J.: 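Handing you a structure now.
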Amino acid sequence: MKKKAIEKIPYLRVKENQQKDVKYIGVTAVKIVGHEKHLFLEVYRNHKGSKDTPAVRIVLTKKDFGTYWPEREEWTRQKVKTDRYYGGLIWAERSDTWQAEKENVLQSTEDLERIKKFCKATVYNESHWWQYIYRHEEDIVITDRRNREHRKYMRRQEELADRMAHTEELPEKKILDRANSVYFQNEHYLYYKKHGSWAKIACSKCGGVTDARWRNGISYESQFQRWTEEPREGNYGTCPICGARGKYQCQGKVRGAHSRSIYLFLGQKYKENGMVMRYVEVEKRWMLGFICGDQGPEMYNASEELSGIEIARAYFEPGKKTKIDYHKHDPYTGKDFWDDCNLNGLANITINAGQIMRETYEEMKETMFRYSALQEYAESMRKINPIDYLERYSQTPQIEILVKMGLTDVVEKLVKCYYGLIADQNARRPDQFLGIRKERVKQLIRNKGDIQLLKVMKMEKRHGQNWTDEQIKHLAETDLSGVQVEMATGYMTLQKLLNRIERYAGCRYGTGCGHASERIRNTATTYADYLSMRLSLGYDLNNTVYQQPRDLGAAHTRMVLETNQEEMDQHLKQAAEKYPEIRRAYRGLRNKYFYEDDSYLIRPARSAEEIVMEGRVLHHCVGGGTYLSKHNTGKTYILMLRYRAEPDVPYITVEIDAMNPRIIQWYGNKDGKPDQENMQAWLDAWLMKLKAGTLTVYENDGYESQEVRIRVPAAVSA
Ligand SMILES: [Zn+2]
């Protein structure tokens, strides 16, 4: 859009419209700017003073549009209306008016014709003339977006093609031979079936099937017969025909074919000093064929097959993001192709750890990874994923030093992206990098970078401590957190803490026995837990009796109970403070609602605490804020129905309407209705008496003279 040239073109101006409803008037013109036809639409306010300058000027060409705001002297790329169906027009003050067609008109029918001719869109209601402009603009926006996406796709395809063109051919034969000799150890199978002193043997290497004698015969002929060792499942033997070594497998256990797969990585130099890591799966299949013989199936040939497929390629270049291409199969065309993205969901192609072919290291010498220590790392691990390793090395080159020092465990964690291990990403020295004391590095190396040990060393540094090698080792075994250690060492030395854990556990540190370490970890947690509960209950931990309970397990349980009791008391106290009216109103309510017969009694709740406890003991929700608050404000009342013989044991809880005597609900344990028919009848009878005013009131029932404090064992609430 030639904005400067367009701004120089004078405004079209408009005639005033006498109709009152009209708020905006559009006027159009087609003008040539830079040899291209432009449609101008100017919208004026229908005021006397607004005939010279439009509120907005919209300019369209075949492939572009722009919106100019004269008052702000500003260009925007807003469409003529917002993208909803009844979207508002951009110049209108009110955006969603029913009157749009009356308020926004064109100056003449020529204007409409001009718009229709230029925009060529289909619009059902011509009085909504702005729809033509909107459709035209929308087409432009969609086409632009589509072109952008297409350009992006084309660029990615070009890059993919470029990578493929710069990738050397895969030395397939070499890979298969190597896989067979090194990773499958040239494994062959000798399938056998014994009959008497004879065995029928099928060799997967040469495919031959032969009969051989495995037990010495006594006849003269037997010394000329083919002789073999006795075939035994899983043992190795020699094929009597071709002499290959193979593993015996009983014919009866073989079902057609079986296979094994391995994953290999081959790194090659890519472009100037980049590298491509190629991920290949090699599969070996052993097959045994059968034909029908006189006595059931007979082996007739055996074979083996080696096949490989390249699954993915990871490209590394200095300063660029790692690009991974995937080999895919199109089931419709039946063709294989390379793509620059993985498959979605369950079909996702994963790259497993595998073996790295030694040619990789030779190629690596001339690439950005010549100092990556990949070889040293691969040698210290059984299988690795070199793509992950090299990616991490690109981000964190310190990995090289860590590998060379033998801190394998630390590197393994880093490769798996546990970056929380790093104290200072920019540090060059390993102690600063990991956040441990300089003196600790040697011990960490001796233990191959053990993560548990590293955790404790970091703790030591963080707390400004100076522990012994042995203390570090033992503390690592306990698996205690920094917070736990800090809490405990506030009251005892680290050595004392360690000794006590050892004594309570009843087994020693450093035995290397799984059971003992588990026991130590468990005991350490229990002890730390015990100490912190004691502490938060307000006990003085300087007291050695509290520090060293005779029976740790029992003491721990006691603390758990006490902690819960504490919480519950806290809760009761809060309820009492929040709903004081319940206690205050009790006496009066009791006179009104109390009733008892030979079996049961009913009375209002004495206090908020009692309602909370009732809810806890019976496991229903009456102890919640709603009921408490309704009782407190006198809207509804909570009554306790109990056995007369056990007046302190919660049985049934009743909610009644305060104004108009009726039972809103009643429940027993766990929202159940115990003895339902009987209790409902009892309650109905009570309600009748209440309404009739015939409840007998006992002035002193014996429960009131003493304040009954309910203490329920803490375990109930736990
Ligand atoms: Zn053979």
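As the structure is a prediction and not an experimental result, all values here were calculated from the model. Values reported hereafter were calculated over all heavy atoms of this structure, with side chains retained and with hydrogens, waters and symmetry mates removed.
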J.: For the residue pair Glu138 / Tyr134, report whether a side-chain donor-acceptor contact shorter than 3.5 Å exists.
T.: yes
J.: Taking CD in Glu470 as the centre, count heavy atoms belonging to other residues, nucleotides or ligands within less than 6.0 Å. Is the count above 12?
T.: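 Not buried by this count: 12 neighbours or fewer within 6.0 Å.
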J.: How many angstroms lie between CD1 in Ile387 and OH in Tyr389, if you round to the nearest 0.5 Å?
T.: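 If I round to the nearest 0.5 Å, the distance is 14.5 Å.
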J.: Among Lys461, Gln471, Arg437, exactly one meets side chain to side chain donor-acceptor pair (under 3.5 Å) together with Asn466. Which residue is that?
T.: Arg437
J.: With a 4.5 Å heavy-atom cut-off, do Lys416 and Lys413 have their side chains touching?
T.: no
J.: Would you say NZ of Lys473 has more than 12 non-hydrogen atoms from neighbouring residues, nucleotides or ligands within 6.0 angstrom?
T.: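 Not buried by this count: 12 neighbours or fewer within 6.0 Å.
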J.: If you measure from CZ on Arg606 to CE on Met613, what distance do you get to the nearest 0.5 Å?
T.: 13.5 Å
J.: Side chains of Leu690 and Tyr595: does their closest heavy-atom pair fall under 4.5 Å?
T.: no
J.: Cut-off 3.5 Å, side chains only: do Tyr527 and Gln548 have a donor facing an acceptor?
T.: no
J.: Please indicate whether Arg260 has more than 12 foreign heavy atoms, meaning atoms of other residues, nucleotides or ligands, lying under 6.0 Å from its CZ.
T.: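 Counting other residues, nucleotides and ligands, CZ of Arg260 exceeds 12 neighbours.
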J.: Could you check whether any side-chain N or O of Thr525 sits under 3.5 Å from a backbone N or O of Arg521, counting only pairs where one atom can act as donor and the other as acceptor?
T.: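 It does hold such a pair.
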J.: Say whether, by atom type as modelled, one donor and one acceptor occur between the side chain of Gln398 and the main chain of Ala427 under 3.5 angstrom.
T.: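 Checked: pair present.
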J.: Answer yes if the side chains of Arg534 and Gln547 hold a donor-acceptor pair under 3.5 Å, and no otherwise.
T.: no
J.: Taking side chain as C-beta onward, heavy atoms only, is Ile422 less than 4.5 Å from Phe433?
T.: yes
J.: My understanding is that only one of Leu531, Asn542, Thr544, Leu541 makes a side chain to side chain contact (heavy atoms under 4.5 Å, CB included) with Met492; could you say which?
T.: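 Passing option: Leu531.
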J.: Are there over 12 heavy-atom neighbours, none belonging to Tyr667, within less than 6.0 Å of that residue's OH?
T.: no
J.: Out of the candidates Thr468, Val485, Asn499, only one should pair with Leu494 under the side chain to side chain contact (heavy atoms under 4.5 Å, CB included) rule; please name it.
T.: Val485
J.: Atom CD of residue position Glu677 - does it have more than 12 heavy atoms of other residues, nucleotides or ligands inside 6.0 Å?
T.: no
J.: Can you tell me how far apart CG (Asp340) and CG (Asp325) are? Round to the nearest 0.5 Å.
T.: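 Rounded to the nearest 0.5 Å, the CG-CG separation comes to 6.0 Å.
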J.: Do the side-chain N and O atoms of Asn385 and Tyr279 include a donor-acceptor pair separated by under 3.5 angstrom?
T.: no
J.: Test Arg583 against Glu610 for salt bridge (Lys or Arg N to Asp or Glu O under 4.0 Å), laying out the working first.
T.: CA-CA 10 Å; Arg583 187 180 287 278; Glu610 198 187 40; over 6 Å; no
J.: Judged by atom type as modelled, is there a donor-acceptor pair below 3.5 Å linking the side chain of Asp657 to the main-chain atoms of Arg662?
T.: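 The answer is no, because no donor-acceptor pair under 3.5 Å joins these two groups.
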J.: Can you confirm whether the side chains of Thr396 and Tyr419 place a donor and an acceptor under 3.5 Å from each other?
T.: yes
J.: For His329, does the NE2 atom sit with more than 12 other heavy atoms under 6.0 Å from it, leaving out its own atoms?
T.: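 More than 12 heavy atoms, drawn from other residues, nucleotides or ligands, come within 6.0 Å of this atom.
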J.: So among Asp479, Asp450, Asp409, which one has a salt bridge (charged side-chain N to carboxylate O under 4.0 Å, His left out) with Lys455?
T.: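 Going through Asp479, Asp450, Asp409 one by one, the salt bridge (charged side-chain N to carboxylate O under 4.0 Å, His left out) with Lys455 is satisfied by Asp479 alone.
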J.: Main chain of Leu498, side chain of Tyr509: is a donor-acceptor contact present, judged purely on distance under 3.5 Å?
T.: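 Yes, Tyr509 side chain to Leu498 backbone: donor-acceptor pair under 3.5 Å.
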J.: Could you check whether any side-chain N or O of Glu281 sits under 3.5 Å from a backbone N or O of Ile262, counting only pairs where one atom can act as donor and the other as acceptor?
T.: no
J.: Say you draw a straight line from CZ of Arg440 to CG of Asp469; how long is it, rounded to the nearest 0.5 Å?
T.: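 Atom-to-atom, Arg440:CZ and Asp469:CG are 5.0 Å apart.
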J.: Under the 3.5 angstrom rule, does the side chain of Asn447 hit a backbone N or O of Gly449 as a donor-acceptor pair?
T.: no
J.: Answer yes if the side chains of His631 and Thr636 hold a donor-acceptor pair under 3.5 Å, and no otherwise.
T.: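 Checked: His631/Thr636 side chains show no N/O donor-acceptor pair below 3.5 Å.
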J.: Considering residues, nucleotides and ligands other than Lys635, do more than 12 of their heavy atoms fall under 6.0 Å from its NZ?
T.: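 Count not over threshold, so no.
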J.: Ser599 versus Arg644: any side-chain heavy-atom pair under 4.5 Å?
T.: no
J.: Do Val410 and Lys448 come close enough that some side-chain heavy atom pair is under 4.5 Å?
T.: no
J.: Hey, are the side chains of Ile656 and Tyr593 touching, using non-hydrogen atoms and a 4.5 Å cut-off?
T.: yes
J.: Answer whether the closest heavy-atom distance between the side chains of Arg392 and Asp388 falls below 4.5 Å.
T.: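 The answer is yes, as the side chains (C-beta and beyond) meet within the 4.5 Å cut-off.
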J.: For the residue pair Met457 and Ile472, establish whether any side-chain heavy-atom pair is separated by less than 4.5 Å.
T.: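 Met457 vs Ile472: side chains touch.
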J.: Which distance, rounded to the nearest 0.5 Å, do you find between the CD1 of Ile451 and the CG of Leu454?
T.: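 With rounding to 0.5 Å, CD1 (Ile451) is 5.5 Å from CG (Leu454).
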J.: Check the pair His556 / Tyr530 against ring-ring contact (aromatic ring centres under 6.0 Å, His included), numbers first and verdict last.
T.: CA-CA 5 Å; His556 181 264; Tyr530 160 78; 7.5 Å; no
J.: Between Asn342 (side chain only) and Ile349 (backbone N and O only), is there a donor and an acceptor less than 3.5 Å apart?
T.: yes
J.: Donor-acceptor pair, distance only, cut-off 3.5 Å: does the side chain of Lys328 make one with the backbone of Cys341?
T.: yes
J.: Judged by modelled atom types alone, do Asn678 and Asp675 share a side-chain donor-acceptor pair under 3.5 Å?
T.: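 Yes, a side-chain donor-acceptor pair sits under 3.5 Å.
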J.: For residues Glu460 and Gln465, is any side-chain donor paired with an opposing acceptor at under 3.5 Å?
T.: no
J.: Using distance alone, with no hydrogens and no angle criterion, decide if Asp569 and Gln565 have a side-chain donor and acceptor under 3.5 Å apart.
T.: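 Their side chains do contain a donor-acceptor pair, which is all the 3.5 Å distance test asks for.
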J.: Checking Gln452 side chain against Glu477 main chain: does a donor-acceptor pair fall under 3.5 Å?
T.: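 Checked: no pair found.
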J.: So does Ala516 get a backbone contact from the side chain of Thr511, meaning a donor-acceptor N/O pair under 3.5 Å?
T.: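 No.
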J.: Decide if atom CE of Met688 counts as having more than 12 heavy atoms of other residues, nucleotides or ligands within a radius under 6.0 Å.
T.: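 12 or below, so no.
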